[in-house]
J.: 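The structure is given below, and queries will be raised subsequently.
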Amino acid sequence: MTRLLVDRLTVRLPRGADRSNAIENVSLSVASGEILCVVGESGSGKSVTASAVMGLLAPGLAIAGGGMALSGEDLCALSPEAWRGVRGRRIAMVFQEPMTALNPLMNVGAQIGEMWRVHLGLDAAESRSRALAALREVNLPDPEGALRAFPHELSGGQRQRVMIAMALALEPEVLICDEPTTALDVTTQAQVLALIKDLQKRHGTAVLFITHDFGVVAEIADRVAVMRLGHVVEEGTAREVLTNPQHDYTRALLAAVPGLRAPEPRELSPDTVLEVRGLTKTYASRGLFRRRKPVRALDGVSMTLQRGSTLAVVGESGSGKSTLARCVVGLLGTDGGQVVIGGAPLPTNRRDAAQLVQMVFQDPYASLNPRRRVGAQVAQGPIAIGVPAAAAMAEARRLFTMVGLDAEAVDRFPHEFSGGQRQRIGIARALAMKPEVLVADEPVSALDVSVQAQVLALLRDLQDRLGLSILFITHDLRVAAQLCDVVAVMRNGVVEEAGPIQSVFAAPRSDYTRSLIEAIPGRALFSA
Amino acid sequence: MRVLKAYARSPAALIGSAILLALLVMGLGASWFYPNDPLGLAGRPLQWPGANPRFPLGTDPSGRDIAAQLFHGARISLLIGFVATSIAVVIGIAIGAVAGFYGGAIDTALMRLTEAFQTVPNFLLLLVLVAVFGSTLQTVTIAIGVVSWPPVARLTRAEFLSLRTREFVQACRIQGLGDVHLILREVLPNALPPVIVYASVVMAVAILLESALAFLQLSDPNVPSWGNLIGLGRSVLRTEWYVSAIPGFAILLTILGVSLVGQGLNDALNPRLAGGR
Amino acid sequence: MRVLRLALWRLAASLPTLLLILAGMFLLLQLAPGDTVDALMAQMGGGDAALAEDLRRFYGLDVGIAAQLWNYLMRLATLDLGFSAIYGKPVATVILERLPPTILLMAASLSFAFFFGLVLGVIAARRVNKWPDTLISTLGLIFYATPSFWFGLMAIVLFSVYLQWLPAGGFGDITQSYTGIAAVLDIAQHLVLPTFTLGLIFLAIYLRIMRASMLEVLSLDFVRTARAKGLSETRVVTKHVLRNAMLPMVTLIGLQAGTMLGGSVVVESVFALPGLGRLAYESVVQRDLNTLLGIVFVSALLVITINFLVDILYARLDPRIVSGS
């Protein structure tokens with residue numbers, strides 16, 4: 001039966017926003033035992049839809065039309081008091097950020113137990129034993145320990161399991177998941193997705209699953225609704241939408257999803273431009289009062305990058321890949337080993353190193369100084385090494401056109417650009433120094449999938465034109481497959497496996513690499 | 001421009017600016033409004049406000065015109081507030097910036113120093129400084145500046161600590177830019193807004209410290225300070241309480257003005273907090 | 001236990017700070033014109049150079065500055081703060097006599113400011129931008145802008161002179177000799193106005209930080225989670241928001257312990273309370289630098305002790321502190 005019905009719902013934005021309605025005439029329905037995936041890029045209104053169903057719209061947003069029904073009962077007609085009784089008990093929700101979604105000062109047992117205490121009036125002991133059972137059901141290791149643990153003592157995946165246990169505590173009719181696996185590592189994501197699917201089957205819950213990732217859609221969706229700028233542009237069964245999309249936007253989105261096919265192997269130059277030799281880096285415990293075990297971020301890491309090629313370093317969080325990137329550009333000192341560029345060790349002098357290696361950063365919003373004109377930020381490096389200011393600015397304009405921006409845009413401030421444009425500026429800034437090696441640290445992971453594809457295409461194009469040598473750091477094997485020649489898989493500060501991307505994909509030698517490949521959501525669909 | 005517009009839209013900022021402007025006019029025009037020495041004998045002592053049209057705010061126990069002292073006192077309060085705040089902000093930013101940017105042993109040493117200053121009650125330290133160096137207008141002003149910098153240093157340090165690891169600062173490092181450029185051009189402009197807002201708190205505290213010192217008759221006795229007048233009024237508090245009440249109210253208005261301007265600046269510089277949340 | 005160990009570590013870490021303060025103070029006082037002997041001789045009505053020489057030797061002032069500093073620190077280690085020439089007693093004795101009123105006044109003011117700051121801050125945040133918030137925030141601004149000594153004087157005029165409800169000053173009624181409950185009530189009555197006077201500005205500061213912190217916490221993700229669980233607003237605030245929102249306020253108590261102690265100098269002077277603050281004022285006026293140095297030392301100890309207690313409280317509120325992440 002239809003558990004949740006959203007009927008021509010319109011939610012108004014506060015005045016002064018970039019459009020008048022966050023969502024317009026959105027109609028969705030989810031039956032019991034069914035997973036409906038709502039897919040869209042940022043600004044599509046998918047999260048607003050979820051908040052509206054929960055009755056938790058942000059201040060300033062208001063329902064302007066349409067309605068919602070839970071098992072036939074009109075939700076919009078409920079008093080705030082009655083809404084509260086529905087929330088948690090009949091509609092529950094799992095949020096995106098497992099790190100911040102739990103109260104840091106309350107232990108896990110108390111936070112889950114609160115569900116029974118508040119909704120059913122059970123006493124502390126009873127709700128505690130039920131919480132324990134709930135933690136067992138989500139397969140947490142050491143459920144007794146988890147009961148007493150505070151959120152900061154759990155990993156991201158464990159916290160998300162706690163969130164799921166809490167959401168399902170009262171066997172709600174509808175479960176809303178708002179990007180629940182986006183912040184997780186790929187192997188953890190696969191486990192959490194499997195858990196949601198398993199629990200949903202067992203309890204017959206209707207699930208409204210919000211995501212931006214078509215891989216995740218392919219993994220768990222029964223039906224799919226694609227949203228764009230507040231409208232549902234296409235709806236259908238998962239098979240129909242994924243294999244035979246009707247709407248242009250859906251087609252474009254699907255085309256932008258990085259496939260899993262490795263590119264054709266290229267002839268690589270015999271000339272080694274970057275060599276990392278036995279790099280070791282330990283984060284020591286710092287301070288008198290916080291004794292922590294020293295962490296080996298890099299443990300004898302070696303790799304080589306051939307001139308004009310791309311070496312992708314792939315790893316999950318804590319693998320040491322970002323530490324490696326920072327050691328290679330000289331931002332971090334090493335405890336042992338060497339970084340050799342063009343045959344000589346990386347100079348310790350900042351100005352000399354700047355002409356050998358440059359970096360493109362992950363966060364397009366944090367990597368540009370908000371208070372300075374972007375042109376000046378591109379030109380300042382060359383000026384520091386003695387290029388006359390006028391020549392450096394002219395070069396900055398030329399670089400702007402090269403990365404696909406208007407040359408006149410050099411006089412603007414960062415806030416006037418979109419995320420993808422800022423990443424282009426970051427690339428221009430790095431190229432201005434004419435480096436031997438370009439280190440790209442997760443350059444597309446903060447971008448929407450369609451923008452991602454454009455930035456990757458730009459990097460590939462620049463490599464062809466300028467013969468760039470790129471060290472590409474990513475957590476996403478699919479992205480690595482887009483443009484790298486050689487891949488190195490890292491785990492716990494050690495290189496697990498390295499080799500040409502084609503052979504690593506076709507026949508991974510390490511179990512870990514295999515589990516990474518298998519965990520890629522939608523693998524079956526997108527590698528075909 | 002955006003900041004200026006946001007500032008002008010804040011009612012707190014407008015009221016605060018109006019108060020401070022009025023005080024500024026009082027202070028700058030004091031010699032024009034009351035050309036005679038405000039500390040000189042003007043008439044019969046202890047005339048109630050309004051009793052004598054020559055002295056709209058009455059006279060103090062020594063027969064000096066309270067209104068004249070009020071006007072000249074505005075000059076002293078603003079001057080001390082402004083100069084002491086500048087001293088505190090400059091010291092605080094310098095120490096906080098170096099500590100936060102370099103971290104490590106430098107940070108530890110500078111933070112120990114800051115802690116030492118914060119562990120000694122600031123007013124007590126002020127008393128010691130005045131006891132040692134005397135209580136002329138200059139020494140009092142400098143002393144207030146010297147005891148007020150630690151919170152500025154802590155705030156600046158915290159901002160620097162978070163900003164120095166920002167990607168845009170790292171990008172500049174990789175571009176080969178020197179520390180001086182990083183500190184002055186990249187980090188400081190982004191660290192300043194909260195410090196500017198906090199400067200209003202420093203100024204309020206500086207004015208309060210001076211008036212408290214003057215109230216205890218430990219400030220410069222040769223300048224017409226509001227605190228001095230309140231202290232003088234103590235001896236006649238039971239009957240002629242207006243002698244203390246009037247200058248105290250002036251201090252209250254001044255601090256209110258400074259705080260409101262600070263609040264307006266905060267609303268303008270941190271727009272996230274300003275909107276109706 | 002881990003909480004205590006952590007706080008003890010922090011306490012140990014403040015030893016170098018204390019040392020820095022003492023050395024700095026000692027050197028600072030060397031810059032002062034005239035020393036204890038000069039003050040003493042002035043009080044005796046003058047004397048010859050030979051007597052001064054003898055006295056300097058007696059007070060250990062005849063050796064170099066470094067040696068004097070070393071001797072001073074050594075004496076401090078045995079809690080010997082020297083001798084007050086003005087009071088004719090050991091400094092430690094003088095200070096100890098004056099300590100109870102100050103501690104009582106600070107404890108009372110802190111409790112007053114903390115409790116009402118918390119309550120008013122919560123009310124303002126719950127009714128943000130509505131009239132209760134406007135009223136409370138405006139009151140906070142005015143309280144903040146009120147000079148404490150002036151507020152004290154005006155309170156004396158109103159409550160002691162005109163209404164005659166409360167005593168105008170002193171730590172107890174010197175014309176009576178109360179015992180037991182009566183004495184406690186007498187002291188309490190004398191402390192009412194000083195407590196409000198000293199606590200007012202801190203009340204303003206706490207209410208402002210509590211309001212801001214409440215608003216900050218209310219916008220966090222876990223509050224959304226709590227609402228999604230179907231908790232009532234009251235439960236969301238009391239069980240989830242309040243404790244998180246109190247953390248910045250608790251930090252502030254430690255940071256401002258010194259400011260509050262400094263404020264007591266003025267307040268004790270206004271209400272003629274025989275406390276540490278008034279002693280500081282007297283020793284400045286009488287140029288009794290030995291006592292002043294002792295007061296700085298004891299105040300620093302007091303501030304460090306308060307911070308120790310605040311650390312324990314903070315660690316009890318926030319489990320993340322103890323596990324060090």
Side-chain angles (χ1 to χ4, degrees), chain B residues 12 112-134 147 150-151 154 201 204-205 207-209 211-213 215-218 226-227 230-231 233-234 237-239 241 244-245 247-249 251-260 263 273 276-277, chain C residues 14 16-21 24-25 28-29 31-33 128-129 141-142 144-151 153-154 156-157 160-161 168 201 212 215-216 218-219 255 257-266 269-270 277 280-281 283-285 287 289 292-293 295-296 299-300 302-304 307:
Chain B
R112 277 289 125 74
L113 184 71
T114 312
E115 259 169 48
F117 268 86
Q118 280 197 306
T119 305
V120 181
N122 56 358
F123 195 70
L124 203 52
L125 183 57
L126 189 60
L127 287 186
V128 173
L129 288 175
V130 168
V132 171
F133 296 106
V147 303
R154 289 185 88 104
V201 176
V205 172
I207 294 174
L208 281 174
L209 282 176
S211 63
L213 208 57
F215 166 72
L216 294 176
Q217 311 295 317
L218 293 175
W226 292 338
I230 302 178
R234 259 181 101 174
L237 187 66
R238 288 177 176 274
T239 43
W241 50 267
S244 293
F249 192 69
I251 299 176
L252 193 157
L253 269 184
T254 310
I255 308 293
L256 201 61
V258 173
S259 303
L260 286 170
Q263 199 174 325
L273 296 169
R277 249 210 320 191
Chain C
S14 52
T17 308
L18 193 61
L19 217 61
L20 200 63
I21 293 170
M25 278 298 145
L28 190 61
L29 291 194
L31 296 173
V128 66
N129 294 340
L141 267 175
I142 291 173
Y144 183 79
T146 310
S148 61
F149 54 91
W150 181 72
F151 179 82
L153 292 179
M154 295 302 113
I156 290 176
V157 170
S160 307
V161 179
I201 190 166
L215 291 178
E216 178 76 33
L218 277 168
S219 74
L255 278 176
T259 314
M260 191 173 245
L261 200 50
S264 70
V265 175
V266 182
S269 297
V270 170
Y281 168 65
S283 40
V284 170
V285 172
R287 306 201 60 75
L289 298 185
L292 195 56
L293 195 53
I295 295 170
V296 170
S299 311
L302 211 55
V303 170
I304 289 172
N307 274 291

J.: Out of B:Leu127, B:Leu253, B:Val130, which one racks up the most heavy-atom pairs below 4.5 Å with chain C?
T.: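 Highest number of pairs under 4.5 Å: B:Leu127.
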J.: Heavy-atom cut-off 4.5 Å, strictly under: side chain, backbone, both or neither for B:Gln217 against chain C?
T.: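 No part of it gets close to chain C.
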J.: Using heavy-atom distances under 4.5 Å, tell me whether C:Tyr144 contacts chain B through its side chain, its backbone, both, or neither.
T.: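 Its backbone and side chain both get close to chain B.
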J.: Measure B:Leu218 against the heavy atoms of chain C and call it side chain, backbone, both or neither at under 4.5 Å.
T.: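 Side chain only.
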J.: Can you give me the closest heavy-atom contact between C:Ser299 and C:Leu261, atom names plus distance?
T.: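 For C:Ser299 and C:Leu261, the tightest heavy-atom pair comes out as CB-CD2, 3.4 Å.
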J.: Which answer fits C:Leu19, side chain, backbone, both or neither, if we ask what part of it has an atom under 4.5 Å from a heavy atom of chain B?
T.: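 Neither part, no heavy atoms under 4.5 Å.
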J.: Between B:Gly134, B:Ala12, B:Ser259, B:Ala245, which has the largest tally of heavy atom pairs under 4.5 Å with chain C?
T.: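 The residue among B:Gly134, B:Ala12, B:Ser259, B:Ala245 with the greatest pair count is B:Ala245.
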J.: Report yes or no: does B:Ser211 contribute a side-chain atom to a donor-acceptor pair with the main-chain N or O of B:Gly227 at less than 3.5 Å?
T.: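 Side chain of B:Ser211 to backbone of B:Gly227, a donor-acceptor pair under 3.5 Å: no, none is there.
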J.: Measuring from B:Phe215:CZ to B:Ser244:OG, what's the distance to the nearest 0.5 Å?
T.: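 Rounded to the nearest 0.5 Å, the CZ-OG separation comes out at 7.5 Å.
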J.: Examine whether an atom of B:Ala204 lies under 4.5 Å from a heavy atom of chain C, and if so say whether it belongs to the side chain, the backbone or both; otherwise answer neither.
T.: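 For B:Ala204, side-chain heavy atoms alone lie under 4.5 Å from chain C.
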J.: What is the minimum heavy-atom distance between B:Leu124 and C:Val296, and which atoms define it?
T.: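 The answer is CD2-CA, 4.1 Å.
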J.: Report yes or no: does C:Ser160 contribute a side-chain atom to a donor-acceptor pair with the main-chain N or O of C:Val157 at less than 3.5 Å?
T.: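 Checked: no pair found.
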J.: Measure B:Val201 against the heavy atoms of chain C and call it side chain, backbone, both or neither at under 4.5 Å.
T.: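 Interface part for B:Val201: both.
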J.: Using every non-hydrogen atom in the two residues, find where B:Gln118 and B:Pro150 come nearest and quote the distance to one decimal.
T.: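 Minimum heavy-atom contact is CG-CB, 3.4 Å.
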J.: Chain B: which of C:Gly262, C:Ser264, C:Gly263 shares the most heavy-atom pairs with it under 4.5 Å?
T.: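 Heavy-atom pair counts peak at C:Gly262.
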J.: Heavy-atom distance under 4.5 Å to chain B: side chain of C:Val270, backbone, both or neither?
T.: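 Both the backbone and the side chain of C:Val270 come within 4.5 Å of chain B.
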J.: Could you label the plane-to-plane angle of the B:Phe249 and C:Trp150 rings as parallel, tilted or perpendicular, counting under 30° as parallel and over 60° as perpendicular?
T.: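 Tilted.
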J.: Would you name the heavy atoms of B:Leu256 and C:Leu141 that are closest together and state the gap between them?
T.: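 B:Leu256 and C:Leu141 have their closest heavy atoms at CD1-O, 3.7 Å.
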J.: Hey, which of B:Leu216, B:Asn122, B:Val120 has the most heavy atom pairs under 4.5 Å with chain C?
T.: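 Looking at each of B:Leu216, B:Asn122, B:Val120 in turn, B:Leu216 comes out on top.
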J.: Answer yes or no: is there a side-chain heavy-atom contact under 4.5 Å between B:Leu129 and C:Leu28?
T.: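 Answer yes - side chains close enough.
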J.: Can you tell me which portion of C:Leu292 sits under 4.5 Å from chain B's heavy atoms? Options are side chain, backbone, both or neither.
T.: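 Only the side chain of C:Leu292 comes within 4.5 Å of chain B.
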J.: Taking side chain as everything from C-beta outward and backbone as N, CA, C, O, which of these in C:Met260 sits under 4.5 Å from a heavy atom of chain B? Side chain, backbone, both or neither.
T.: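 Contact with chain B is absent: no heavy atom of C:Met260 under 4.5 Å.
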J.: Grab the two heavy atoms, one from B:Phe123 and one from B:Ala212, that are nearest each other, plus how far apart they are.
T.: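 Here B:Phe123 and B:Ala212 meet closest at CE1-CB, 3.8 Å.
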J.: What part of C:Ile201 lies closer than 4.5 angstrom to a heavy atom of chain B: side chain, backbone, both or neither?
T.: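 It is the side chain, since no backbone atom gets that close.
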J.: Relative to chain C, which of B:Leu125, B:Ile230, B:Leu126 shows the most heavy atom pairs under 4.5 Å?
T.: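 Highest number of heavy-atom pairs under 4.5 Å: B:Ile230.
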